[in-house]
Amino acid sequence: MTKFDTCFFERYARLSLISIVGKRYECLINEDRPDLQSPDHKSIGVEVTRAMEESRNAAKSLLKEMAGLQPEDSGGKCDRESNEDFERIISSGYGFGLQRGKYIGTKEYEYWSLAMPLRRIIESKVRKAGNGFYGSFEEMGLYIFCKDDMSDESVCRTCSYITDLQKGLKTGYDFLFLSETDSLYVCDLRKSGESGHAEIRRYPISQAQRKDFFINAIKNQELRKTAIA
């Protein structure tokens, strides 16, 4: 049985950071503890995780949104490029049915079925960062894929919750990235100590961007498999 490649989501996160937040994230490589990190293992580290309902339908729905595909993309009206992109997604194993609701692929369910609610995810990740599990980085980020839409107020509460958990810890997160598939919240938690409130910016993610992130994450996976072979 082929080993499930969770690194796809980490590559997707990296691509979104480069495109939306800044080119300085181009240096990040996909390793472990944390998932994304600078080659020097000390400048930038980003842990990638997910928080969503533990169900097959939620997993399928989220992957569909991440791919930036509409139902018509699988029909006869789409152009050749869209058809090729759709077939690439399906063959990757992260695919999902867009025709008559048919479910295709299993990898996304295997991965997302491990998800936990946002609060528990944060508690776990903050605890691990605090005890040195991810090492020590000059800048540490936590990137969370969220299935449910979050209001600006709930994002503020989430930042405050992380800040409270990190009080007294030697190691913690400087940035929180909350991805809602159609938007990315970039939260500078370092500001919390100065003003009591994190600096939060919301960046929209277009359908075209989501599709680009998804396709390129798959391409990178294919290149990695070829190199290993």
Side-chain angles (χ1 to χ4, degrees), residues 3-14 16-17 30-37 44-66 94 106-137 139-193 196-200 202 205:
K3 183 179 180 181
F4 182 63
D5 184 10
T6 59
C7 297
F8 163 81
F9 299 94
E10 293 152 17
R11 291 192 293 270
Y12 187 106
R14 175 182 176 274
S16 70
L17 288 174
N30 191 186
E31 293 194 352
D32 194 20
R33 300 187 184 183
D35 299 311
L36 299 173
Q37 53 186 277
I44 303 175
V46 179
E47 177 67 6
V48 181
T49 188
R50 68 281 178 211
M52 55 174 286
E53 176 189 347
E54 300 177 31
S55 76
R56 181 172 183 151
N57 287 336
K60 182 171 65 174
S61 176
L62 179 61
L63 268 292
K64 176 179 176 180
E65 294 170 10
M66 285 176 64
Y94 296 95
T106 57
K107 288 188 175 182
E108 65 272 27
Y109 178 57
E110 291 179 50
Y111 180 77
W112 291 103
S113 64
L114 303 175
M116 296 185 291
L118 182 61
R119 183 186 182 96
R120 288 167 58 197
I121 277 288
I122 290 174
E123 290 174 351
S124 173
K125 296 299 181 180
V126 169
R127 181 175 64 254
K128 287 183 177 180
N131 65 24
F133 183 78
Y134 301 119
S136 179
F137 289 84
E139 176 190 313
M140 187 69 181
L142 177 60
Y143 190 111
I144 305 178
F145 286 99
C146 301
K147 175 66 180 72
D148 299 323
D149 291 336
M150 297 185 68
S151 65
D152 292 344
E153 181 181 355
S154 62
V155 173
C156 289
R157 289 200 302 268
T158 301
C159 291
S160 296
Y161 182 60
I162 293 179
T163 300
D164 288 342
L165 288 177
Q166 293 189 152
K167 287 180 179 177
L169 299 180
K170 293 183 178 180
T171 306
Y173 297 103
D174 303 295
F175 287 91
L176 170 66
F177 305 103
L178 288 173
S179 174
E180 294 183 317
T181 68
D182 64 349
S183 62
L184 179 66
Y185 284 95
V186 179
C187 313
D188 188 342
L189 302 175
R190 299 172 301 182
K191 304 292 183 179
S192 300
H197 301 283
E199 180 181 280
I200 301 173
R202 178 185 177 277
I205 306 177

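In this chain, residues are counted from 1 in sequence order. Just so it is clear, the values below take in all heavy atoms, side chains as well, and ignore hydrogens, waters and symmetry mates. A quick note: this is a predicted structure, and the numbers were derived from the prediction, not measured.
- Here Glu139 contributes atom CD and Phe175 contributes atom CZ; the two are 5.0 Å apart, rounded to the nearest 0.5 Å.
- The side chain to side chain donor-acceptor pair (under 3.5 Å) test applied to Arg202 returns no partner, not counting sequence neighbours.
- The aromatic rings of Phe8 and Tyr12 are tilted relative to each other, their planes meeting at an angle between 30° and 60°.
- In this structure, the salt bridge (charged side-chain N to carboxylate O under 4.0 Å, His left out) partners of Asp188, at least two apart in sequence or on a different chain, are Arg190.
- Using a 4.5 Å heavy-atom cutoff, the side chains of Val126 and Leu169 are in contact.
- Using a distance-only test at 3.5 Å, with no hydrogens or angles considered, no donor-acceptor pair links the side chain of Ser183 to the main chain of Glu180.
- In terms of the side chain to side chain donor-acceptor pair (under 3.5 Å) criterion, residue partners of Asp152 (sequence neighbours excluded) are, by chain and number, Tyr185.
- Every side chain to side chain contact (heavy atoms under 4.5 Å, CB included) that Phe137 has, sequence neighbours left out, goes to Pro34, Gln37, Met140.
- Interatomic distance, CZ of Phe177 versus CG of Leu142, reported as 9.0 Å (0.5 Å rounding).
- We find the OH-CG distance between Tyr134 and Asp35 to be 7.5 Å, quoted to the nearest 0.5 Å.
- By the side chain to side chain donor-acceptor pair (under 3.5 Å) test, Glu31 pairs with no residue at all, sequence neighbours left out.
- Residues forming a ring pair (Phe, Tyr, Trp, His ring centres under 6.0 Å) with Tyr143 (at least two apart in sequence, or on another chain): Phe145.
- Side-chain atoms of Ser124 never come within 3.5 Å of backbone atoms of Ile121 as a donor-acceptor pair (strictly under, hydrogens ignored).
- At a threshold of 4.5 Å between non-hydrogen side-chain atoms, the residues Val155 and Leu176 do not count as touching.
- Using a 4.5 Å heavy-atom threshold, the side chains of Glu123 and Tyr161 count as touching.
- When all heavy atoms of Cys159 and Ile200 are compared, the pair lying nearest together is SG-CD1, 4.0 Å.
- With a 4.5 Å cut-off on side-chain heavy atoms, Met150 and Leu118 count as touching.
- Nearest heavy atom pair, residue Glu10 against residue Asn30, reads OE1-ND2, 2.7 Å.
- Interatomic distance, CD1 of Ile144 versus CD1 of Ile162, reported as 5.5 Å (0.5 Å rounding).
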